[in-house]
Student: 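Quick one: the structure is below, questions incoming.
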Amino acid sequence: MDSIKVHNSLKPGGPVPFVPIEKGKVSWYACGPTVYDQSHLGHARNYVSTDIIRRILMHYFGFDVKFVMNFTDVDDKIILRARRNRLLEVEKKKQYSKDDLAKLGTDAFEAYAKSSLPLLLSDGSGLTAGNYTERRDTAYGKVLAGGTLSGEGKPGDDEAKVKMHIGNMDAAAKAISSQQVFGGADEILLPYLDSLYKESVDTSDQSIFTDLTKFMEGEFTDDMDNLNVLRPDVVVRVTEYVPQIAKFVETIVDKGFAYEAEGSVYFDIAAFEKSPGNKYARLRPESRNDKSLQEEGEGSLSKSLGGKRGAGDFALWKKSKAGEPYWPSKWGNGRPGWHIECSVMASDVLGGQMDLHSGGVDLAFPHHDNELAQSEAFYCQGHEHTWVNYFLHMGHLSISGSKMSKSLKNFQTIKDALATTYTARSMRIVFLLGRWNDGVEISPDMRLQADGWESTVNNFFTNVKSLLIEASGSSSAISEGVKDLSLNGEQSTNGLDTDFEQAKKDMDTAMTNSFDTPAAMRAISELIRKTNVHIKEHAANLDLSKVEAVARWVTKIVGILGLDANARPPYDGLGWASAGATADVDPATAVQPYRTAYETVLADVRKLDLPTSDTLSELLARNPTQDFESIVATGVRDPEQLGLAYVRAVSKLRDELRKATSTASPETKKAILDLSDRIRDYDLTNLGVYLDDRPDGQPSLIKFVPAAELIAARDEKAAKEAEKARAKEEAKRARELAEAEKWEKAKLAPTELFKSDERYGEWDDKGMPTKLKDGSAVPKSQLKKLQKDWDRQNKAHTEWQTKFGSSA
């Protein structure tokens, strides 16, 4: 295996050799979430990709990884969200008259437009819910139509923000017009109420903020658990480190790299860079003068803080204003700056140097650059200090050209995604198909590719296990000696052996090349493709031990990548692990559903009036419990394998029943076929067992497939059949109705066809019109058409008389 190389943001370019500080161990700090809202797919991209790399280091390369992650539980966004929520709660309890509530909504509506959508107020007149739509379409119509604010280029974050604000205003306009200000207009009320009453909030009661962050931390943890993301080894929170943060800042000030101004403390970039070996913005030097990024890094509540010496200097400690949480310090009541928290917490747990530091690419500047500078200043002893050896930045997840973010509200929450669009596995596959440090754009093609890869692996596992079951009666009984993932310790130069060895080499290359998961996924799918070809070409003399070795290797790799939430290291199983397949499973309990299905089928078969058959009699007399107990004795605890004895007994009974139809009476034959279908579609499907019926008297192939998939397929088939039957019945009724209408019309004698038409005044003895109502003759051109109509009716009436008789 080649040495590991990794993309390091501190050294732009290609991957560089990865050399941990201590051999065999990796120290890693990851920037966790700011817990003020539900997590979205952008967070999933970051933390799942991080989890993948962590798992590879641990379970592929065998490193002892110490993984530390923080929760930012004090931050400008948290303060704003918690404070505004509290103010809105208070406001809703007030007694408002109808007019006063309407004025509150209108004032908030106009204030929101002024701060977020100023073009709505460009003509200088007042904005109301009544004139809003017209102004919106005039001012921002091109953005709503998919264009840009400038009229050039492609839409991005700025346009996404406009659409987000317009969405809030649309909802508010509707709410105000319907006199439902509270509820529909909350998004515009929140900033307006904050502007009026923020200083009235008693922040000595920090539960205002901690209630929010504790709840959101729990929500985030649940989301990560549901995504099969390993929990951190150590979790740190800002609110638990405030005294240490203040002390850390004091040290930086004492060393001359920071200064106090008006109760806040700022990092002095100029002083830092004068010190030998120190350089600011090492990760993103091109962004060091980006004012918008600097302001975003300081936070929206910090714009009024003054006293900075340099434009790029950033806050280590912020003076708390009214309406903000605070802690005591030598500079007065204040709170930590955003960046200092990670420096202090990471250093406290991992020391003055660490192997890895990671986070989303949007954190590179200013957050991580500021972390680096202040940490290196803290540890500086007159010469350069390396605080982080490798910085890993996860690429963005984007949608419609904009990064997915809470502030843009262009996101789908993880909870919603897992409930409607993805499974944890399918989402992880999407991320694995892209490089961790590249951006991922959500697209239908991407989803199709991921679904196709998953189906390939699913089918491979299912088919290999079925072949093993057919050959031996147990998917665990073959080739215990291949668990080392070699082929009997030998390397052949041709066939499947060669393909397998090449796949393992390709996997090593992918993993050592900065965790190149797209290449790893290709290696898996290509090996499966070649193995499937091998199975097909060697059906008559297949060496199942080699096929099983491949399947076990694929199982190990997908386990390492975190694609099997039920599996545990060292991932020595075969295929996706069953839920509950652990050592403490009680075999009798696990097998009960299979035993019950067998007993039900057995009882129903005995009720049938079956033709005489020695094979059937033997199967009905056989007790599969002995086979089950033999499996238990081997130590197997996988529910599927434990239930196999009963599944095979049911399958064999069903196969013999189907053979018996050739000599059974018509009534018995129907009963056998009905029971056979029920066994396949319900008794076994509900257990996650699919019987693949094969021709020429071959026994059915047993396949274990997730019950939910089988049930969904069954229900879909039933729904299609029901729809087909409904459409057939509707077509039949339509034909019958058309037929009835046809004969009803044909009942009318041709002599009476035109008598009720008020356009005519006289008719001949055949009933053909001769004169119009005004006494004039019927035009010849019209008579030609009338004659054709008369002939058709005469023919139809004759057919009616023939079919129903003249008395009908």
Side-chain angles (χ1 to χ4, degrees), residues 6-16 28-34 42 45-46 49-50 53 70 72 75-76 156-158 252 257-258 266-275 277-300 302 308 310-316 337-343 346 354-378 380 384-398 401-405 407-408 435-440 514:
V6 60
H7 281 95
N8 182 3
S9 298
L10 288 166
K11 296 181 180 180
V16 298
W28 186 346
Y29 180 85
C31 279
T34 301
R45 158 64 166 164
N46 180 8
S49 295
T50 300
I53 297 174
N70 77 302
T72 297
D75 170 87
D76 286 22
D157 290 355
D158 289 342
I252 298 175
F257 296 123
Y266 298 96
F267 187 80
D268 191 333
I269 294 174
F272 176 69
E273 292 199 303
K274 287 178 183 178
S275 180
N278 291 328
K279 183 179 179 181
Y280 177 66
R282 291 167 56 199
L283 292 167
R284 294 291 187 272
E286 72 279 6
S287 299
R288 64 177 292 160
N289 295 317
D290 189 320
K291 188 176 180 181
S292 63
L293 288 177
Q294 290 171 346
E295 289 179 350
E296 184 178 344
E298 290 296 80
S300 58
S302 305
K308 284 187 181 182
D313 291 353
F314 55 90
L316 302 177
W338 174 31
H339 320 294
I340 195 67
E341 61 186 56
C342 290
S343 293
M354 70 191 75
D355 293 306
L356 300 178
H357 192 327
S358 66
V361 68
D362 56 324
L363 298 180
F365 184 89
H367 183 54
H368 288 158
D369 266 322
N370 290 356
E371 272 190 64
L372 278 173
Q374 65 202 12
S375 300
E376 289 163 358
F378 178 85
C380 181
E384 181 182 359
H385 175 83
T386 300
W387 186 56
V388 173
N389 286 344
Y390 301 87
F391 246 115
L392 311 184
H393 284 112
M394 310 300 151
H396 275 311
L397 186 69
S398 57
S402 300
K403 73 174 182 179
M404 193 173 288
S405 79
S407 59
L408 296 180
R435 281 184 170 271
W436 57 269
N437 55 325
D438 289 341
V440 173
S514 194

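These numbers come from the heavy atoms of this one structure, side chains and all, not from hydrogens, waters or symmetry mates. Given the structure is predicted, the values throughout are model-derived calculations rather than measurements. In this chain, residues are counted from 1 in sequence order.
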Student: Given side chains that start at C-beta, do those of D76 and W338 come closer than 4.5 Å, heavy atoms only?
Tutor: no
Student: For a quick test of reading the model, state the closest non-hydrogen atom pair linking F365 to S287 and the distance between them.
Tutor: CE2-O, 3.1 Å
Student: Taking the side chain as C-beta and beyond, is there a heavy-atom pair between S343 and F378 under 4.5 Å?
Tutor: no
Student: A side-chain contact here means heavy atoms from C-beta on lying under 4.5 Å apart; do H7 and D438 qualify?
Tutor: no
Student: Would you check if the side chain of N70 reaches a backbone N or O of G32 as a donor-acceptor pair within less than 3.5 Å?
Tutor: yes
Student: Any chance you could measure E371, atom CD, to L283, atom CG, to the nearest 0.5 Å?
Tutor: 9.5 Å
Student: With a 4.5 Å limit on heavy-atom distance, are the side chains of N8 and F391 in contact?
Tutor: yes
Student: Could you label the plane-to-plane angle of the W387 and H357 rings as parallel, tilted or perpendicular, counting under 30° as parallel and over 60° as perpendicular?
Tutor: perpendicular
Student: For a side-chain contact (heavy atoms from CB on, under 4.5 Å) check, start with the C-alpha distance between C31 and H368, then their side-chain angles and the critical distance, and finish with the verdict.
Tutor: CA-CA 9 Å; C31 279; H368 288 158; 3.3 Å; yes
Student: Working to the nearest 0.5 angstrom, can you tell me the gap between H393 NE2 and D362 CG?
Tutor: 8.5 Å
Student: Check whether any side-chain N or O of E376 sits under 3.5 Å from a backbone N or O of N278 as a donor-acceptor pair, and report yes or no.
Tutor: no
Student: Check whether any side-chain heavy atom of L356 lies under 4.5 Å from a side-chain heavy atom of V6, and answer yes or no.
Tutor: no
Student: May I have the step-by-step check of side-chain contact (heavy atoms from CB on, under 4.5 Å) for W436 and T50, ending in yes or no?
Tutor: CA-CA 8 Å; W436 57 269; T50 300; over 6 Å; no
Student: Passes side-chain contact (heavy atoms from CB on, under 4.5 Å), R288 versus I269? Steps please.
Tutor: CA-CA 11 Å; R288 64 177 292 160; I269 294 174; 3.7 Å; yes
Student: Any chance you could measure L392, atom CG, to S49, atom OG, to the nearest 0.5 Å?
Tutor: 11.0 Å
Student: Just one of I340, N370, I252 clears the side chain to side chain contact (heavy atoms under 4.5 Å, CB included) bar with F267, so which one?
Tutor: I252
Student: Could you tell me whether the side chain of R282 reaches within less than 4.5 Å of the side chain of S9, counting heavy atoms only?
Tutor: no
Student: Please evaluate residues V361 and R284 with respect to the criterion side-chain contact (heavy atoms from CB on, under 4.5 Å), reporting the C-alpha separation (whole Å), side-chain torsions for both, the decisive distance (0.1 Å), and the verdict.
Tutor: CA-CA 11 Å; V361 68; R284 294 291 187 272; 3.4 Å; yes
Student: Output the distance between atom CG (L10) and atom OH (Y390), rounded to the nearest 0.5 Å.
Tutor: 10.0 Å
Student: Rounded to the nearest 0.5 Å, what separation is found between the CG atom of D369 and the CG atom of L293?
Tutor: 10.5 Å
Student: What are the two closest non-hydrogen atoms of F272 and K279, and how far apart are they?
Tutor: CE2-O, 3.7 Å
Student: To the closest 0.5 Å, what do you measure between CD (Q374) and CZ (F257)?
Tutor: 13.0 Å
Student: Can you find a heavy atom in the side chain of E298 that is under 4.5 Å from one in the side chain of D313?
Tutor: no
Student: Minimum heavy-atom separation for C342 to Y29, with atom names?
Tutor: SG-OH, 3.2 Å
Student: Just checking, is any N or O donor in the side chain of S358 or W28 under 3.5 Å from an acceptor N or O on the other one?
Tutor: yes
